[in-house]
Every structure is written in C-alpha cells, then in structure tokens.
Amino acid sequence: MSYVPTTSSEREAMLGAIGVSSVSDLFAAIPKTLRLTEDLPLPPSMVEAELITHMRELAAKNLDMDALTSFLGAGCYDSLIPSAVKHVLSRGEFLTAYTPYQAEVSQGVLQAIFEFQTMICELTGMEAANASMYDGATALAEACLMACNAAKRTKVVLAGGVHPEWKEVVRLYLRHQDIEVVDLPWDRSTGVSDVQRLEEIVDSSSACVVVQQPNFFGCLEPVQDLGDHIHRLNGLFVMAVDPASLGVVKAPGEYGADIAVGDGQSLGNSPSFGGPSVGFFAASQRLLRRMPGRIVGETKDKQGRRGYVLTLQTREQHIRRQKATSNICTNQALNALAATVYLCLIGRQGIRELGCLSMQKAAYLRSRLESLGLAIPFSAPVFREFVVASPVNWQEVNERLLDMGFLGGLWLGDSFDELQHCCLLTVTEARTKSEMDRFSTVLGGLI
Amino acid sequence: MSIFDSSAVGRRAYRFPDLDVPEVGLDELIPREHQRQSPPGLPEVSEVEVVRHFTQLSRKNHGVDVDFYPLGSCTMKYNPKINEDMAALSGFNRLHPYQTENTVQGALALMHDLAGYLSAIAGLASTTLQPAAGAHGELTGLMIMREFQRHRGDEQRDEVIIPDSAHGTNPASAMMVGCRVREVPTDSRGGVDVSALREMAGPKTLGLMLTNPNTLGVFDENILEIAEIIHQVGGLLYYDGANANAILGMVRPGDMGFDIVHFNLHKTFSTPHGGGGPGSGPISVSEELTPFLPYPLVTKTASGYEFFRPAQTIGRVKAFYGNFGVLVRAYAYVRTIGADGMRQISETAVLHANYLMRRLQKSFYLPYDRHCMHEFVLSGMNQKAFGIRTLDIAKRLLDHGIHAPTVYFPLIVDEAIMVEPTETETKETLDRFIDAMYAIAAEAEANPDLLKDAPHSTPIGRLDEAAAARRPVVRWEASVEDEA
C-alpha cells in the first residue's frame with residue numbers, strides 16, 4: 001500500500017511525454033555501482049486492517065495514563081484536555097498545511113499563530129512572542145544564546161533548580177559557541193537558589209541569569225532578588241515558567257524578566273511519551289529583532305483589509321543563512337494551535353481556576369503525606385509539584401504503586417546524588433480527592 | 001475577526017471540576033510577592049464561538065487535504081488518515097516519558113524498530129530519533145561531527161563546506177556550532193564544482209553538507225569523487241535528507257559515502273506538516289560516529305527493550321526522546337509501505353516531476369535541462385520580458401486553487417520556481433497544474449496586470465509585507481473603540 005494513484009497506462013503516457021522508455025532511465029545520473037538491486041531489509045507492506053491490529057498490539061504493551069493514576073510530572077503533565085481541541089486540530093486545512101509562506105492562502109494558520117503570540121504575551125506579561133520552538137528545553141537554550149548576543153557577553157548563570165534535562169540541552173547548545181555556563185547552587189533547606197552566592201557567581205561578564213519558576217522541585221524561587229541582581233550588572237534576566245501557573249503565580253513581565261520561555265505541553269497537548277509539545281518564547285519589545293524563529297505580524301492588503309504575514313524574516317535562515325539569529329525552520333505549529341484553542345476554551349477565568357485547583361490539590365496531598373510521616377525537605381512554597389523524603393528505596397516503592405494502579409513520583413537520586421531518599425510528586429487539576437486519598441493510604445503503607 | 005473581539009466578560013466554555021479538597025487561603029500557599037497581580041487577558045468566549053472561529057480560520061487555509069501543494073523541497077505528499085488514528089491510541093499518546101521501561105515496552109519496540117528501518121534506508125549503522133525537525137537534525141549532526149573531530153585531536157576543524165544551492169538551514173546550523181561557512185559553487189550541470197571543492201577542502205574542513213539530489217532536483221553524479229575529496233582531507237560528509245523522497249530503495253546515502261544523514265519524517269515519511277510543525281528530524285550515522293549520538297537510545301536485550309547511553313554521547317538536544325507522536329505516524333507509514341513499496345514511491349515521485357518538467361518547459365525557462373529527480377527548478381525569466389515576476393506567477397496560481405511552488409529558491413537561479421509534485425498526486429491533478437501554468441504564461445503576455453494584482457479569488461489580496469516589517473504589530477491589541 002503506497003498511496004500511489006498512478007496507473008500503468010498513465011505511467012506509459014508520462015514516459016512518452018518525457019521521451020524515455022522506462023522509469024529507470026530517469027535515474028541514469030546515479031552511478032550504476034550505487035544503485036540498489038534488491039529491496040531494502042524492511043518488513044513487508046500491510047493494508048490498513050493489518051496495520052490497525054499490529055499497532056494495537058504494540059500499544060497494548062504499554063501501560064498508559066488511562067490505566068494508571070499519575071502523580072508523575074517533572075516537565076510532562078497529565079492535564080485535562082477539552083474535547084474541542086482535538087476536533088479543531090483534525091481540520092485538514094490546519095493539519096496538512098506547511099509553513100505559511102503564501103499568506104493569501106494561509107490566513108488560517110497565520111491568524112492562529114498571531115493569536116497564539118498574543119496569548120503567550122498575555123500569559124507571560126511580555127511584549128512580544130514568536131510562533132513557537134521545539135520544546136521548553138530548546139527554547140531556553142535559544143534564550144541563552146539570544147541573551148549572550150544582546151549583552152555581548154559569553155557567560156550564562158543557570159539557577160541550580162532548572163530542570164536537569166533542560167540544563168543539559170542548554171549546556172550542549174552553549175558549549176558549541178564557547179559560552180561558559182555556571183551553576184548558581186540551590187539551598188538544601190529551602191529547595192531554591194542560594195541568593196547568598198549571587199555576588200560571588202554573577203558578575204559583569206554574565207550575559208544573563210536563568211531561573212525556572214516554579215523550579216524543578218516545584219518550589220517558588222526568589223525571582224526578584226535574582227532579577228534585580230543581574231539587572232544591576234546590566235545583564236539580562238531569563239525566566240522559564242510553567243504556563244499552568246500563570247493564572248496565580250506572578251508573570252515574568254511582572255518580575256521584570258527580559259526573556260520568558262516555557263513548555264506548553266500541559267496546554268491542550270497530550271503527554272505522548274514526551275513529545276511533540278510546544279516551546280514558547282517571549283521577550284521585551286527591544287529584543288524583537290533578535291528573536292529566533294517565525295514571527296507573524298499584522299498588515300493590510302491593497303484594499304485595506306487586515307491580514308497576517310510572516311514578518312521580520314531577515315532574521316531567519318532562509319534569508320540570512322549563516323547570519324540568521326537561529327537555524328530553526330519547522331517549529332511546533334500544530335501544538336501551538338492546540339495551546340491557542342485550549343487557552344480560548346478555558347479563558348480568563350479558567351486560567352486562574354487551573355492554577356488554584358492544581359495548587360490547592362497539591363497542598364492537600366502534601367499535608368496528607370506529611371501527616372503519614374513523609375518528610376518535606378524543602379521549606380519554599382510550591383505550586384503543583386513537591387518533594388517528599390523517606391529512607392526507602394523509591395524505585396521499589398514505585399513498583400508497588402504500579403501494582404496498585406498508580407504512576408508514582410520521580411525518584412530524584414538518579415539526577416541528584418544528595419537526594420537519594422527524595423521523590424518528586426505532581427498533582428494536576430485532573431487528580432481527585434478520592435484518588436489522592438487512596439494514593440496516600442497505599443503510599444503510607446509502603447514507607 | 002480575532003477571537004479577542006468575541007470576548008464578553010463572564011462568558012465561559014470549558015469548565016474544570018469543582019475543588020474537592022478543603023480550600024486553603026491563597027496567602028497561606030504562596031506569599032503575596034509571588035502572586036499574580038493582573039490576570040492574563042485571555043478571551044472569554046463560549047465553546048461554539050471557539051469552534052466556529054477556528055473552523056472559519058481553517059477555511060482560509062490551503063492544505064494537502066484541500067488541493068495540490070507542489071512546494072519544492074517540502075514533499076507535500078498525502079498524509080494518511082489512519083496514521084492519525086494510530087498516534088491517538090491511548091497506549092501511545094497517554095504515556096509519560098518517565099515511566100519505567102517495563103511499562104513502555106511497546107513504545108520502545110516502536111522506537112527501536114523505526115530507528116532500524118531508517119538506518120537501513122540510509123545505509124548506515126545507527127539512528128537517533130531525538131531531533132525535532134530537519135534543522136535540529138542538522139545541528140545534532142554537526143555537534144556530533146565536532147565532537148568526533150575533537151576526540152581525534154582535530155579541534156582546528158571549524159569550516160563547513162556548503163554548496164551555494166543549499167537550504168538556508170545548512171549555513172545557519174553550521175553557525176550554531178561555531179563554524180565558518182565556505183560556499184562551494186555549482187557547476188554547469190547543476191552539481192558541486194569539483195575543482196573548487198578540491199581547493200577548499202583541507203585541514204580546517206570539518207565536513208561537507210550536501211543534499212543529493214540537490215535543491216535543483218539534480219542528482220550529483222560526481223558524488224563518489226566528492227566523498228573521496230572530503231574523506232581524504234579528514235572531513236565528514238553530511239547528507240541533508242530533505243530530498244530523500246527521490247532515493248527510497250533506489251540508492252543509500254551510506255553507499256554514496258555519507259557519514260551522517262537526517263530524514264524529515266514530515267516530508268519523506270508522510271507525517272502531517274501541521275502548519276509548520278511538529279516535524280521530526282532523526283539522524284542516521286556510521287559505525288564510527290555511533291558512540292557520539294545523543295542519549296538515550298533504545299536497545300533490545302534478552303529481557304526486553306531498554307534505554308542506554310552511548311559511550312561518548314554529545315548529550316541531549318531536547319528534553320525526553322523526540323517527537324514521539326510523529327514517530328508513531330512514521331512507523332505506521334513504513335509498515336504500510338513495506339520493503340516492496342519503497343521503490344515505487346521514489347520511482348513515481350521522479351516520474352511525476354519529469355513529466356511536469358518536460359511539459360512546463362514549453363512555456364517556462366528550464367536552466368538545467370537534464371532529467372530531474374523528485375523536483376525541478378524553472379525560472380520565470382521568459383515572463384520577465386513582460387514585466388512579470390515569479391512572485392506574480394505564484395500568486396496567480398492561488399486563483400486556480402493550487403498552492404504555489406517554492407519561489408526564489410535556490411538562490412542561484414534567477415526568478416526560481418521550484419516544483420515538487422510527490423508520488424501521491426493523480427495524472428489529472430498534474431495535468432490541471434500544467435493547464436494552469438500554461439494559462440498563466442499566456443496571461444503574462446496578454447494581460448500582465450491580471451497577474452500583478454493576483455490573487456483575485458483568495459480571502460485576502462496581496463499583503464504589504466514591507467509595512468509589516470517596518471512597524472511590527474505582533475500581537476492583538478484592543479482598539480480604542482473596543483475599550484470604550
């Protein structure tokens with residue numbers, strides 16, 4: 001089954017029009033010694049019905065979050081997705097379009113991106129946003145590059161509480177441009193950046209300070225102190241944020257951030273084993289022309305009708321080549337559309353309710369677990385994730401939880417030597433009191 | 001109209017469940033200094049308004065599902081619907097990336113096998129599925145090249161040779177790994193100028209990035225010589241797989257001498273382009289480069305599938321494992337096509353392109369007159385005499401309900417029109433495109449103003465891009481009347 005509609009008589013007619021006798025004549029430029037004479041070592045073709053059976057078998061070898069009640073997060077969330085999101089996304093005009101180069105037949109995608117940019121600005125409190133990045137981690141790496149270019153400095157200070165995988169991506173991107181990355185340590189008792197160390201680590205050669213709010217441990221960072229410090233040294237302040245928090249937690253714009261990035265998976269995108277999600281990228285107006293990626297702008301046609309186009313393209317690789325601000329081309333448009341539809345559906349009141357629900361529920365579970373004897377090692381306030389500690393083997397605990405239908409938290413010992421007894425739990429708006437009560441009881445029996 | 005214009009205070013669509021735990025005061029949960037002061041200005045709309053708004057927007061958009069989309073180098077082939085259903089199975093799209101390996105054996109098997117299929121198609125040893133798009137694959141590939149050279153003690157290699165016909169992402173990616181770009185010219189046959197390449201290659205050469213067939217749609221017949229020149233000076237060959245739809249089952253980049261290949265799953269492997277993503281840009285590499293791949297990779301052991309970390313891994317290029325949902329679609333596509341169908345894809349794609357090229361050559365200038373592969377490049381030069389630019393031709397095509405080809409690229413062809421029909425179009429569609437192009441060529445002579453003002457039948461006319469860039473408006477703002 002190859003989806004090729006061409007019949008043999010049509011093939012002959014086309015070969016005749018070209019003036020060759022066989023298709024293989026058209027491949028004459030490929031040196032004979034290179035041409036394959038046998039089929040590739042791939043499995044044989046399948047028809048649709050066979051494919052469905054096969055794919056269902058594969059899917060059945062996975063335990064998914066319909067079967068398990070999840071308290072696992074750490075950058076990927078089991079959030080509620082309104083039904084209308086998938087129905088909008090299944091419109092072929094969105095699904096099967098590409099980058100909107102021909103604006104006159106791409107107003108749908110362009111306006112949707114323009115609305116996405118607007119909503120990201122509203123959420124983050126920033127002045128300008130782009131059309132999307134691959135994910136939060138790569139958005140953060142590009143933010144650091146942009147900060148270095150804007151500040152004309154080559155040192156980046158990363159708060160220790162940034163997601164470990166995001167830090168790895170940032171370090172990898174920056175290493176190749178000879179930019180030094182320095183960690184600002186986090187404090188063992190609070191779970192957030194140690195502001196006492198700022199003077200010593202952040203200096204006038206630092207392009208930016210990067211902080212994640214809430215941080216990987218779910219804790220709210222002393223953002224204002226970090227921002228004020230780097231601004232006194234004329235560097236840039238970069239924030240990575242959880243968009244689900246922004247109805248209740250202060251926005252990057254309110255904290256005075258210069259660049260704000262994050263991952264929009266929890267805004268209407270399914271977890272999908274970690275991708276595709278959508279990275280967002282916002283900045284102050286003065287940095288607009290340094291931003292990576294697509295940007296949609298409003299303009300008019302000859303009759304004065306409002307319309308949308310890809311704009312400021314002289315920043316981009318297809319025009320500027322090696323002088324571009326980034327190499328990004330294809331981004332995550334459909335996932336950005338999911339986020340846009342989601343944000344429309346939940347609306348101004350919903351975004352606040354989303355934050356409140358998650359936070360209240362997380363607080364409930366945290367106090368339940370505390371009363372069952374689990375330690376809460378960090379004193380900082382949290383949003384929807386929190387760390388618990390107990391001298392148990394968390395991998396074994398998680399195995400037992402799995403037997404009881406729970407996806408337990410993330411054991412932190414793997415990424416942090418000093419946190420062998422710690423586990424990161426997540427409570428999204430999708431969790432119910434009865435699920436949390438059952439989880440507490442089961443977990444309480446295992447520690 | 002914007003969705004913000006429909007907003008009315010207090011209107012709701014989706015409702016979250018009521019709070020079912022005892023409520024604690026907000027100030028007790030987070031200190032005042034961390035609380036948001038002014039709520040984000042999201043719209044307040046009903047569900048039907050949201051659905052209608054986006055449905056109406058969709059109707060202002062062209063897609064493969066709507067009509068022909070011959071956008072060169074983008075491979076706008078049909079995106080099978082069944083693959084959407086497969087990716088939506090909860091056993092795939094409701095998996096958490098941090099689940100333990102024993103609970104995701106099906107997902108790991110899929111990734112393991114897809115990586116194997118891509119390695120086989122590339123003719124190389126191993127594959128990472130982590131990069132999120134083609135350009136991201138390029139970046140990953142270049143990082144691997146640098147790391148490999150560093151390990152050999154060849155740190156001075158900081159030049160990447162790139163043809164003047166290359167995709168813009170190639171030089172931009174080279175810049176992102178701190179390299180300088182050396183541009184090699186194109187010869188009269190449309191291939192790499194081999195003697196110029198020979199002069200450029202040397203101890204500073206990190207490698208060559210090449211698309212083959214290239215962006216002129218031409219297969220570089222000197223590829224073995226080119227590979228030898230680069231390898232002799234200790235450089236590596238990178239294959240930009242944007243044009244891989246021409247070579248499936250016909251020839252393998254590994255056999256041509258390439259060390260690294262990226263595939264665009266959203267092009268060659270039929271996953272939908274989504275209006276500009278999500279894509280997926282896996283890269284396949286040679287045995288010698290395998291230890292440097294990003295981690296984690298999936299391996300098959302006696303007890304099942306496991307993640308592992310290659311010995312000299314460059315690290316991670318994104319969080320988690322790649323655009324898994326896209327991988328599921330591509331996997332389903334490869335299984336549908338099978339070993340027996342791969343060759344048919346490329347043969348038909350090449351047949352269709354040559355058919356269009358030969359017929360369109362009657363009205364449009366063909367700068368490289370030889371058999372093309374899956375795409376070809378015309379020039380609007382013949383029409384320039386009537387004051388018509390390629391942009392006018394592209395815009396007039398929109399009036400025929402057909403998406404324009406890629407225009408003004410590659411940069412080495414004046415007034416370029418780059419056409420890629422793909423294998424999934426019928427001859428009737430190809431003929432309709434030919435008729436439209438003939439009609440436009442005739443109009444260019446008889447009624448050039450019709451073209452200059454085109455398009456006439458689209459939801460909006462030609463837009464003022466210069467004004468958009470001069471005074472950028474990149475977000476919606478309430479107008480004064482709205483606020484009053």
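Letters go in sequence order (proteins before strands), and every chain restarts at 1.
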> Tell me, side chain or backbone of A:Arg11 under 4.5 Å from chain B's heavy atoms, or both, or neither?
Replying inline: both
>> Using modelled atom types and a 3.5 Å cut-off, is there a donor and acceptor pairing between side-chain atoms of A:Lys302 and backbone atoms of B:Arg462?
In response: no
> What distance separates A:Gln322 CD from B:Met175 CE, expressed to the nearest 0.5 Å?
Replying inline: 8.5 Å
>> Is A:Leu288 in contact with chain B via its backbone, its side chain, both, or neither, using a 4.5 Å heavy-atom distance?
In response: side chain
> For B:Ala172, does its backbone N or O pair with a side-chain atom of A:Asn327 as donor and acceptor, under 3.5 Å?
Replying inline: no
> Salt bridge check: are A:Glu104 and B:Lys395 linked by an N-O gap of less than 4.0 Å?
Replying inline: yes
> Do the ring planes of A:Phe273 and B:Phe324 sit parallel (below 30°), tilted (30 to 60°) or perpendicular (above 60°)?
Replying inline: perpendicular
> Closest approach of B:His96 and A:Cys76, non-hydrogen atoms and distance?
Replying inline: NE2-O, 2.8 Å
> Ignoring hydrogens and geometry, is there a side-chain-to-backbone donor-acceptor pair from A:Asn62 to B:Gly106 under 3.5 Å?
Replying inline: yes
> Between the main-chain N or O of B:Leu398 and the side-chain N or O of A:Gln102, is there a donor-acceptor pair closer than 3.5 Å?
Replying inline: no
>> Quick check on A:Tyr364 against chain B: is it the side chain, the backbone, both or neither that has a heavy atom closer than 4.5 Å?
In response: side chain
>> Could you report the tightest heavy-atom contact between A:Met55 and B:Ala332, atom names first, then the distance?
In response: CE-CB, 4.1 Å
> Quick one: what part of B:Thr348 sits under 4.5 Å from any heavy atom of chain A, side chain, backbone, both or neither?
Replying inline: side chain
>> Below 4.5 Å, heavy-atom pairs only: which of B:Asp255, B:Val24, B:Thr426 has the largest tally toward chain A?
In response: B:Val24
>> For a quick test of reading the model, state the closest non-hydrogen atom pair linking B:Ile345 to A:Ser2 and the distance between them.
In response: CG1-CB, 4.5 Å
> So, B:Gln99 and A:Asp64: side-chain donor and acceptor under 3.5 Å apart, yes or no?
Replying inline: no
> Between A:Cys344 and B:Val50, which heavy-atom pair has the shortest distance, and what is it?
Replying inline: CB-CG2, 3.9 Å
> Measuring heavy-atom distances to chain A, does B:Ile337 have an atom under 4.5 Å in its side chain, in its backbone, in both, or in neither?
Replying inline: both
>> Is it the case that the side chains of A:His318 and B:Thr169 hold a donor-acceptor pair, with the cut-off being a distance below 3.5 Å and no angle test?
In response: no
> Of A:Glu93, A:Gln111, A:His87, A:Glu115, which is the lone residue that meets side-chain contact (heavy atoms from CB on, under 4.5 Å) with B:Phe54?
Replying inline: A:Glu115
> Can you tell which of A:Arg35, A:Lys61, A:Glu298, A:Lys250 has the highest number of heavy-atom pairs within less than 4.5 Å of chain B?
Replying inline: A:Lys250
> Is it the side chain or the backbone of A:Leu72 that comes within 4.5 Å of chain B heavy atoms, both, or neither?
Replying inline: both
> Any side-chain heavy atom of A:Val88 within less than 4.5 Å of one from B:Thr55?
Replying inline: no
> So which part of B:Arg15 gets closer than 4.5 Å to some heavy atom of chain A, the side chain, the backbone, both or neither?
Replying inline: neither
>> Does any backbone or side-chain atom of B:Arg146 lie under 4.5 Å from a heavy atom of chain A? Answer side chain, backbone, both or neither.
In response: side chain
> Looking at side-chain heavy atoms only, is the closest gap between A:Val20 and B:His371 below 4.5 Å?
Replying inline: yes
> Which answer fits A:Ile52, side chain, backbone, both or neither, if we ask what part of it has an atom under 4.5 Å from a heavy atom of chain B?
Replying inline: both
> Does any heavy atom of chain B fall under 4.5 Å from the side chain of A:Phe383, the backbone, both, or neither of them?
Replying inline: neither
> Is it the side chain or the backbone of B:Glu84 that comes within 4.5 Å of chain A heavy atoms, both, or neither?
Replying inline: side chain
> Passes salt bridge (charged side-chain N to carboxylate O under 4.0 Å, His left out), A:Glu353 versus B:Arg12? Steps please.
Replying inline: CA-CA 12 Å; A:Glu353 287 170 5; B:Arg12 306 291 306 264; 3.0 Å; yes
> So which part of B:Phe219 gets closer than 4.5 Å to some heavy atom of chain A, the side chain, the backbone, both or neither?
Replying inline: both
> Any luck finding a side-chain donor-acceptor pair between B:Asp340 and A:Ser45 under 3.5 Å?
Replying inline: yes
>> Please classify the contact of B:Met256 with chain A as side chain, backbone, both or neither, using a heavy-atom distance under 4.5 Å.
In response: both
> A:Thr330 versus B:His266: any side-chain heavy-atom pair under 4.5 Å?
Replying inline: yes
> Heavy-atom distance under 4.5 Å to chain B: side chain of A:Gln313, backbone, both or neither?
Replying inline: side chain
> Below 4.0 angstrom, N of the basic side chain to O of the carboxylate: do B:Asp65 and A:Arg91 qualify?
Replying inline: no
>> Given 3.5 Å as the limit, does a donor-acceptor pair link the side chain of A:Arg352 with the main chain of B:Pro39, or not?
In response: no
>> Quick check for you: to the nearest 0.5 Å, what is the distance between B:Ser58 atom OG and A:Leu337 atom CG?
In response: 9.5 Å
>> Could you tell me if B:Arg475 and A:Thr118 have a donor-acceptor pair between their side chains, going purely by distance under 3.5 Å?
In response: no
> Which heavy atom in A:Leu36 sits nearest to a heavy atom in B:Arg343, and how many Å separate them?
Replying inline: O-NH2, 3.5 Å
>> Under 4.5 Å from any heavy atom of chain A, what part of B:Met76 do you find: side chain, backbone, both or neither?
In response: side chain
>> If I measure from the heavy atoms of chain A, does B:His167 come under 4.5 Å with its side chain, its backbone, both, or neither?
In response: backbone
> Stepwise, does the side-chain contact (heavy atoms from CB on, under 4.5 Å) test hold for A:Leu15 with B:Tyr355?
Replying inline: CA-CA 7 Å; A:Leu15 287 171; B:Tyr355 173 67; over 6 Å; no
> So what's closer than 4.5 Å to chain B heavy atoms on A:Leu402: side chain, backbone, both or neither?
Replying inline: side chain
> Non-hydrogen atoms of chain A under 4.5 Å away: do they reach the side chain of B:Ala174, the backbone, both or neither?
Replying inline: neither
> Given a strict heavy-atom distance threshold of 4.5 Å, which part of B:Pro459 is in contact with chain A: side chain, backbone, both, or neither?
Replying inline: both
> Among A:Pro271, A:Pro276, A:Pro381, A:Ala112, who wins on heavy-atom pairs under 4.5 Å with chain B?
Replying inline: A:Pro276
> Given a strict heavy-atom distance threshold of 4.5 Å, which part of B:Val328 is in contact with chain A: side chain, backbone, both, or neither?
Replying inline: both
> Can you list the residues that meet the side-chain contact (heavy atoms from CB on, under 4.5 Å) rule with A:Thr299, with sequence neighbours excluded?
Replying inline: A:Val309, B:Leu463, B:Asp464, B:Ala467, B:Ala468
> Nearest heavy-atom pair of A:Phe114 and B:Val474: which atoms, and what distance?
Replying inline: CE1-C, 3.5 Å
>> Does B:His352 form a side-chain hydrogen bond (donor to acceptor under 3.5 Å, both in side chains) with A:Thr6? I'd like the steps, not just the answer.
In response: CA-CA 9 Å; B:His352 285 178; A:Thr6 315; 2.8 Å; yes
> Is A:Ile346 close to B:Phe16 at the side-chain level, that is, under 4.5 Å between some pair of heavy atoms?
Replying inline: yes
> In terms of heavy-atom proximity below 4.5 Å to chain A, should B:Tyr69 be classed as side chain, backbone, both, or neither?
Replying inline: side chain
> With a 4.5 angstrom heavy-atom cut-off, which part of A:Thr138 approaches chain B: side chain, backbone, both or neither?
Replying inline: side chain
> With only heavy atoms counted, which part of B:Ser173 is less than 4.5 Å from chain A, the side chain, the backbone, both or neither?
Replying inline: both
> Do the side chain of A:Ser272 and the main chain of B:Asn93 share a donor and acceptor less than 3.5 angstrom apart?
Replying inline: no
